Q: 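Below: one structure in structure tokens.
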Amino acid sequence: MRHVRGVSALLGALALGNLAAGADEPAATLMRRALGPTPILEDLRQLTDTIGGRPTGSAALERAVDWGVMKLREAGLEHVHAEAYAAPRTWLAGAVSAAVVSPRAAWATPGSDRLRVAAMPFSASTPPEGLEADVVDLGAGDPQAFAAAGAKVAGRLVLFHTAPMHGIEDLFKEYMETPGRLARAREARAAGVLWMSTRPGRLLYRHNATLDGSLYPLPGAVVEREGALRLARLAADGETVRLRRLLDSRSGADTPARNVVAEVRGRERPDEVVILGAHLDSWDLGRGALDNGCNAALVIDAGRQAAALAREGVRPRRTLRFVLYTGEEAGLWGSFAEVRRHRAELDQVKAQVVFDVGSGKTTGFSLGGRTDLQPAVEAALAPAADRGPFTQTTDAFMGTDNYDYLVEGVPTLVANQEGLPYLPDYHAESDTFDKVDQEQLKANTAIAAAVTWGLADLPAWPAPRQTRAEVEALVRSTGLVEQMKLFGLWEPFVTGARGRAP
Ligand SMILES: [Zn+2]
């Protein structure tokens with residue numbers, strides 16, 4: 001099963017389509033082994049059931065990092081270590097509750113007098129004794145709704161309605177409308193924010209108040225959908241709706257955190273690197289199985305298979321680096337720390353591949369605006385053709401660990417995955433081991449192993465790191481600039497604090 005180097009080098013002079021033939025054999029071996037019996041599901045079970053939810057700054061994440069180092073060592077990888085950094089801003093939830101004070105009679109059934117609520121990450125706490133205020137229904141929370149409510153907002157808890165989440169577009173919509181709604185609530189001097197859950201069945205989830213690490217000055221909470229709708233109906237009926245809320249959280253600055261890094265060194269150009277990464281941290285209501293424990297397990301298992309091949313004497317041209325990022329949910333801090341730490345070597349980081357949509361079927365990769373990557377990615381996917389079809393998209397978005405690589409000019413691939421299973425349990429209490437599609441997780445692992453190996457083994461690299469000017473053109477042409485502005489990441493890019501230095 002040896003990789004025939006001479007033949008592969010010869011093929012290097014030919015079209016990319018032919019290059020796949022040279023890479024076929026090791027990639028096919030990796031895929032077959034990843035699809036066969038491996039410890040990936042036991043790894044995931046340990047991470048989710050034994051360690052559990054693991055926000056950055058928590059003891060659980062520290063255990064997960066130690067566990068990741070141990071797993072990658074056991075899997076036979078090289079240069080396994082943790083890279084420490086300071087996460088600029090973190091947030092941990094404490095006690096949270098909401099009791100309906102009025103209309104008392106409508107909510108007085110013993111044992112059901114409390115609304116189910118979950119604190120919005122990066123929102124402020126209430127005073128220790130709690131906060132009691134009337135609720136004002138702001139509906140869509142747009143400027144017209146605020147204009148209509150006028151002075152009624154000041155000192156009250158604003159309730160924002162949401163549509164039930166059916167697809168990934170709905171999740172994006174929820175993120176996109178958050179900054180405007182919260183800014184308007186603050187300007188109108190609201191006492192706090194109630195965000196209607198997009199998921200039925202009284203399901204709660206973490207929905208960030210900010211994405212740039214800044215602290216939102218009002219207490220915010222996601223409220224069970226059924227209870228929020230009922231409060232809205234009571235208010236519409238002329239009832240005074242009044243809540244007593246307690247929300248206690250802890251925000252941290254420069255919180256010590258660690259990424260986990262391991263390698264399989266390349267045979268020809270070991271200084272050139274292709275990264276396969278996924279975030280290890282998670283929110284804490286659930287156990288972080290779909291987001292993103294299963295893909296942390298994918299990275300470990302893909303590394304395990306590549307390390308086994310290396311021990312058998314088969315290595316790709318370039319180094320494969322496997323990274324378990326942390327700080328992702330709190331602000332993409334781990335990937336940001338990696339690019340800063342390795343800034344001087346980023347010309348050598350040829351591509352970064354990221355998985356972050358649970359165990360949804362991989363349908364291709366989002367190339368972050370880099371059309372120049374497409375032929376190489378398609379060639380690298382050739383050995384996985386029976387798991388396809390794969391369609392590459394050239395969109396660029398922010399929302400996972402590729403962001404800081406992209407704005408540094410490094411080519412990034414984010415797996416495009418089907419939204420099920422993932423979306424109903426996204427950041428929710430229900431994100432547990434049992435939700436993971438085990439067979440598809442193994443298939444995704446095989447695809448990840450094949451594509452990263454194929455890229456790392458390319459004779460000539462087709463998509464060089466972009467200059468600052470090229471990155472600027474890319475973020476504008478893809479519309480990424482709008483997301484950067486909305487989520488507070490444009491300013492750090494303009495100043496060079498985040499992104500390729502001007
Ligand atoms: Zn995630």
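Everything quoted here is computed from the prediction, not taken from an experiment. Ligands are counted one by one from 1 in listed order, and the atoms in each one are counted from 1 as well.
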Q: Verify the distance test for Glu328 against the Zn ion (ligand 1): any N/O/S atom under 2.8 Å, yes or no.
A: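 Short answer: no, not a single N, O or S atom is under the cut-off.
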Q: Validate the cation-pi geometry between Arg468 and Phe493: distance from NZ or CZ to the six-membered ring centre under 6.0 Å, angle to the ring axis within 45°.
A: yes
Q: Report, one line per pair, each donor and acceptor closer than 3.5 Å where one atom sits in a side chain of residues 369-379; sequence neighbours left out.
A:
residue	atom	partner	partner atom	Å
Arg370	NE	Asp372	OD1	3.0
Arg370	NE	Asp372	OD2	3.4
Arg370	NH1	Gly409	O	3.3
Arg370	NH2	Asp372	OD2	2.9
Arg370	NH2	Pro464	O	2.6
Gln374	NE2	Glu378	OE2	3.4
Glu378	OE2	Gln392	NE2	2.9

Q: Below 2.8 Å, any N, O or S contact between Glu329 and the Zn ion (ligand 1)?
A: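 No N, O or S atom of Glu329 is closer than 2.8 Å to the Zn ion (ligand 1), so no.
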Q: To the nearest 10 degrees, how large is the angle at the Zn ion (ligand 1) between Asp356 OD2 and Asp291 OD1?
A: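 Centred on the Zn ion (ligand 1), the OD2/OD1 angle is 150° (to 10°).
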Q: If we count only N and O atoms by modelled type, under 3.5 Å, do the side chains of Thr432 and Lys435 hold a donor and an acceptor together?
A: yes
Q: Using salt bridge (Lys or Arg N to Asp or Glu O under 4.0 Å) as the criterion, list what pairs up with Arg245, not counting sequence neighbours.
A: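 With sequence neighbours excluded, Arg245 shows a salt bridge (Lys or Arg N to Asp or Glu O under 4.0 Å) to no residue whatsoever.
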